[in-house]
Amino acid sequence: MMPPRSIALLAGVRNSGNRELMQSLAAALASAGLSVSEYDRDATEQPDMLLCLGGDGTMLAAATRAARQGMILGGINTGHLGFLSACGRKEVDALVEILVSGSYRVEERAMLQASQSGLEESYPYPLLALNEVCLMRARTGKMIDVDVELDGCLLNRYHADGVLVATPTGSTAYSLSAGGPLLWPDAGVMSLTPICPHSLTSRPVVVSDSVQITLRPRVRRGRVEESIIYSVDGRSAHAINVNDSLNIRKADVPLKLLTLPDSDYAARLRAKLGW
């Protein structure tokens, strides 16, 4: 591949060392002859590549904008797990060399697109998620009933704390904690996982990413006033009424994720999950 024509840097705010690392990385990239600047979301012209310094949260915050604008998104992990990051802070020098030589790789990661019935015109863009969309009760300690449909056909009515739909990328995030399956990043599937279901036979289901999943909260045991929300990558919460529908499908645009040429996902799983 060719070296990126322009690179923007975005530092997570929770780690005080990120700003210092960003300054040293900017200097190294500039010395290597690459065009580099601090990320400005309001800039007229967006960069070819956006490098995030932080954890997966920093990457998730930038993923939607990067996907919509076709930017390559890369991460330098200064957080905890760092499943999405291309490298850690100790590998920054190697990352600069790889970018200069154009020997990096770009993986296309599927995203989810969510729309709520009756509110399709309320948002200027569809809601996008790199990891998951989760429907849940707003108040803790309560369960909800949710009808789940696949392309309009009823799969099951779940009585649970919530229902979670995840991408292969998101299978190592909240979905994993909820008991969902691990999925390979390029698998053309989505996983549907009930969160703490009341029935032991309610298990995670893996479906093709060509189907549309509809989540429809229902009245339970005569209670008509339900407080239910859905979250997108755990970063934004939206209210939804009983009997409204939340339609989830594979997004029209993928995320272009920067990876190193010797990236080995199996090795990453062993390292991150302590296998």
Side-chain angles (χ1 to χ4, degrees), residues 1-12 15 18 21-41 43 45-111 128 130-131 167-173 183-188 251 253-272:
M1 300 186 70
M2 297 294 293
R5 293 174 298 175
S6 57
I7 300 173
L9 305 180
L10 176 66
N15 189 326
N18 283 341
L21 179 60
M22 185 175 74
Q23 292 172 358
S24 63
L25 175 59
L29 291 170
S31 297
L34 297 179
S35 174
V36 59
S37 62
E38 187 169 352
Y39 179 60
D40 179 4
R41 60 181 298 171
E45 186 172 346
Q46 294 297 318
D48 293 338
M49 181 179 292
L50 175 59
L51 295 180
C52 296
L53 290 76
D56 284 343
T58 306
M59 296 280 286
L60 288 174
T64 293
R65 183 170 292 271
R68 285 177 177 153
Q69 298 182 347
M71 292 185 288
I72 299 170
L73 182 65
I76 300 170
N77 182 38
T78 62
H80 297 290
L81 283 178
F83 262 105
L84 298 173
S85 301
C87 67
R89 62 169 67 241
K90 295 181 179 179
E91 302 161 300
V92 168
D93 291 341
L95 175 62
V96 173
E97 294 179 2
I98 288 169
L99 293 178
V100 171
S101 66
S103 59
Y104 58 92
R105 290 164 43 199
V106 176
E107 295 181 357
E108 287 197 350
R109 296 292 184 93
M111 302 186 73
L128 298 184
L130 177 60
N131 277 352
T167 64
T169 298
S171 70
T172 56
L183 305 173
W184 219 249
D186 59 356
V253 292
L255 175 69
K256 298 178 181 179
L257 187 67
L258 173 71
T259 61
L260 302 185
D262 58 350
S263 178
D264 180 348
Y265 191 71
R268 176 165 296 217
L269 285 179
R270 293 195 303 272
K272 302 298 184 181

Practice problem: Report the C-alpha separation of Asp56 and Asn131 in whole Å, then their side-chain angles, then the decisive distance to 0.1 Å, and conclude whether the side-chain contact (heavy atoms from CB on, under 4.5 Å) test is met. | Solution: CA-CA 10 Å; Asp56 284 343; Asn131 277 352; over 6 Å; no
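- Note that CE of Met22 and CG of Leu53 are 7.5 Å apart. Values are rounded to the nearest 0.5 Å.
- Put simply, CG on Leu50 and CE on Met59 are 8.5 Å apart, with the number rounded to the nearest 0.5 Å.
- Residues satisfying the side-chain contact (heavy atoms from CB on, under 4.5 Å) test with Arg65, not counting sequence neighbours, are Tyr39, Arg41, Gln69, Met71.
- Take Thr172 and apply the side-chain contact (heavy atoms from CB on, under 4.5 Å) test, not counting sequence neighbours, and it matches Phe83, Leu182, Tyr265, Leu269.
- With contacts defined as side-chain heavy-atom distances shorter than 4.5 Å, the pair Leu73/Cys52 qualifies.
- Contact record, Ala26 with Val36: O-CG1, 3.6 Å, taken as the closest heavy-atom pair.
- Take Ala251 and apply the side-chain contact (heavy atoms from CB on, under 4.5 Å) test, not counting sequence neighbours, and it matches Met111, Gln113, Leu128.
- Not a single salt bridge (Lys or Arg N to Asp or Glu O under 4.0 Å) links Arg268 to another residue, sequence neighbours left out.
- Closest heavy-atom contact between Gly54 and Asn18: CA-ND2, 4.0 Å.
- The CD1 atom of Ile76 sits 7.5 Å away from atom CG of Leu9, with the distance rounded to the nearest 0.5 Å.
- Between Ser24 atom OG and Asp93 atom CG the span is 8.5 Å, to the nearest 0.5 Å.
- A donor-acceptor pair under 3.5 Å is absent between the side-chain atoms of Glu97 and the main chain of Ala94, judged by distance alone.
- With a 4.5 Å cut-off on side-chain heavy atoms, Leu130 and Leu84 count as touching.
- Taken from CG in Asp262 to CZ in Arg105, the straight-line distance is 8.5 Å, to the nearest 0.5 Å.
- Between atom NZ of residue Lys272 and atom CG of residue Asn77 there is a gap of 5.0 Å, rounded to the nearest 0.5 Å.
- For Asp48, the salt bridge (Lys or Arg N to Asp or Glu O under 4.0 Å) partners at least two apart in sequence or on another chain are Arg5.
- Formation of a donor-acceptor pair under 3.5 Å by the Ser263 side chain with backbone atoms of Leu260 is not found in this model.
- Nearest approach of Ser6 to Pro47, heavy atoms of both residues: OG-CA, 3.2 Å.
- Within the 4.5 Å cutoff, the side chain of Thr169 has no heavy atoms near those of the Leu255 side chain.
- Scanning all heavy atoms of the two residues, the minimum distance from Ser103 to Pro261 falls at O-CB, 3.3 Å.
- Of all the heavy atoms in Gly88 and Glu91, the pair that sits closest is N-OE1, 2.6 Å.
- Residues satisfying the side-chain contact (heavy atoms from CB on, under 4.5 Å) test with Ala32, not counting sequence neighbours, are Val96, Val100.
- For the pair Met1 and Tyr104, the tightest heavy-atom approach, listed with the atom from each and the gap, is SD-O, 3.5 Å.
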